[in-house]
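Computed from a prediction, not measured in an experiment: that's the story for all the values here.
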Amino acid sequence: MHRVMRDSPYLAAARLPDTESLPPGGIGGRLSKGHIDYDPFAATLDCLTQAMQARSVCTVSYRAALHRQEKTWQYASLRLLAYRESLFVQGHMVTDDGPVERLFDDTTLLALHRITASRVTGRSSAALPDIPAPSGEGMGTREMEEEPFEVSVHFAPEAATYAAERRWIRDQRCEMRDDGSVTLPIKAHNEAECLSRVLGFADRAQALAPDWLRREIKKTVYAMARLYHTPRKPADTAESGGSPAAACPLRLRE
């Protein structure tokens with residue numbers, strides 16, 4: 001995907017008059033706060049996309065976290081999702097042999113870079129149900145959580161423009177304040193993702209509702225304050241369990 005985006009300006013430039021030229025380095029670029037090098041996973045991506053096109057089941061080995069053991073699954077990949085600078089595969093975990101049947105009613109998300117091995121099998125996944133198109137609204141996607149919930153967030157003037165420029169729900173209405181701040185209704189699909197987003201604005205955003213979210217944010221802020229109250233060793237920090245906002249916002253298969 002990155003290569004396609006990178007090459008697009010040059011393809012467009014081919015249609016410009018001869019007098020036009022590209023500046024050094026091209027006319028497009030990509031900025032990120034941290035990225036994953038997907039070059040080592042090109043073969044995995046090719047395998048999964050091949051399985052999607054043929055509606056075939058794959059045998060995948062997956063490591064959910066650095067300290068976890070690999071697990072091997074029979075997996076019917078159906079869609080690729082790009083989310084927050086990462087690639088994820090959405091599909092169904094299926095039975096190991098015999099008729100291809102789902103193990104779970106809900107689809108399963110796998111982080112592409114955590115798939116350590118993949119192989120297309122001869123088993124067909126054509127009988128499995130299709131996946132609805134992903135929703136682009138709110139914090140997170142409906143692929144991450146069962147039930148969405150409504151959140152009201154007040155943004156200080158310093159963050160109001162950024163927040164108001166983005167679409168969080170359909171028919172969004174911003175409540176403007178005389179001091180330049182705004183209050184927005186936002187739909188969220190995942191608690192950890194919502195915590196991460198709101199806390200990412202630091203003191204420039206305040207969750208007004210629901211009450212349980214306010215309590216979780218308060219608990220997280222106090223936990224963060226304790227980390228900086230006295231010097232602590234990294235091992236001590238790891239034993240504390242960390243902040244829930246630091247957890248991966250996606251509900252991935254463990």
Report yes if some heavy atom in the side chain of [X] is under 4.5 Å from a heavy atom in the side chain of [Y]; otherwise report no.
X    : Y    : result
T183 : L208 : yes
Q172 : L184 : yes
P185 : V151 : no
S125 : S56  : no
T72  : V60  : no
R123 : T95  : yes
R214 : Q206 : yes
L213 : L195 : yes

Identify whether [X] and [Y] are in the same connected component of the hydrophobic contact network (ILVMFWY, side-chain heavy atoms under 4.5 Å).
X    : Y    : answer
Y62  : L87  : yes
L110 : L128 : no
L103 : Y75  : yes
L199 : V153 : yes
V182 : F201 : yes

(request) Test the R226-Y222 pair against the cation-pi criterion, namely NZ or CZ under 6.0 angstrom from the six-membered ring centroid and within 45° of the ring axis. (result) no
Between [atom1] on residue [X] and [atom2] on residue [Y], distance to nearest 0.5 Å:
X    : Y    : atom1 : atom2 : answer
M52  : C58  : CE    : SG    : 8.5 Å
H92  : D105 : NE2   : CG    : 9.5 Å
I131 : L78  : CD1   : CG    : 4.0 Å
T44  : Y38  : OG1   : OH    : 11.5 Å
I186 : F149 : CD1   : CZ    : 10.5 Å
K219 : E216 : NZ    : CD    : 4.0 Å

(request) Just say parallel, tilted or perpendicular for the rings of F155 and W168, cut-offs at 30° and 60°. (result) parallel
(message) Under 4.0 Å between a side-chain nitrogen and a carboxylate oxygen: does that hold for R177 and E175?
(response) yes
(request) May I ask you to say whether R55 pairs ionically with D130, meaning some side-chain N is under 4.0 Å from a carboxylate O? (result) yes
(request) Mind running side chain to side chain contact (heavy atoms under 4.5 Å, CB included) on F104 and M93 for me, showing each step along the way? (result) CA-CA 7 Å; F104 314 103; M93 294 294 187; 3.7 Å; yes
(message) Using every non-hydrogen atom in the two residues, find where I115 and S118 come nearest and quote the distance to one decimal.
(response) CG2-CB, 4.3 Å
(request) Looking only at non-hydrogen atoms, find the nearest pair between F88 and L109 and report the distance. (result) CB-CD2, 4.2 Å
(message) Could you walk me through whether L48 and L112 satisfy the side chain to side chain contact (heavy atoms under 4.5 Å, CB included) test, starting with their C-alpha distance in whole Å, then the side-chain angles of each, then the deciding distance to 0.1 Å, before giving a yes or no?
(response) CA-CA 10 Å; L48 293 171; L112 178 64; 3.7 Å; yes
(message) Can you see whether T108 engages Q90 through a side-chain donor-acceptor pair at a distance of less than 3.5 angstrom?
(response) no
(request) Ignoring hydrogens and angles, state whether a donor on the side chain of E70 or S61 is under 3.5 Å from an acceptor on the partner side chain. (result) no
(message) So does A64 get a backbone contact from the side chain of R114, meaning a donor-acceptor N/O pair under 3.5 Å?
(response) yes
(request) State whether the side chain of T49 and the backbone N or O of L45 hold a donor-acceptor pair below 3.5 Å, judged by distance alone. (result) yes
(message) side chain to side chain contact (heavy atoms under 4.5 Å, CB included), that's the test. Do K187 and E150 meet it? Break it down for me.
(response) CA-CA 5 Å; K187 180 182 292 184; E150 301 294 335; 3.8 Å; yes
(request) Using the side chain to side chain contact (heavy atoms under 4.5 Å, CB included) rule, take S124 and V57 through it: C-alpha gap first, then chi angles, then the decisive distance, then the call. (result) CA-CA 6 Å; S124 174; V57 174; over 6 Å; no
(message) Applying the side-chain contact (heavy atoms from CB on, under 4.5 Å) criterion to S181, which one of M176, H154, E158 satisfies it?
(response) H154
(request) Please determine which of T59, D96, T121 meets the side-chain hydrogen bond (donor to acceptor under 3.5 Å, both in side chains) test together with Q74. (result) T59
(request) Using a cut-off of 6.0 Å, state whether more than 12 heavy atoms not belonging to R173 lie near its atom CZ. (result) no
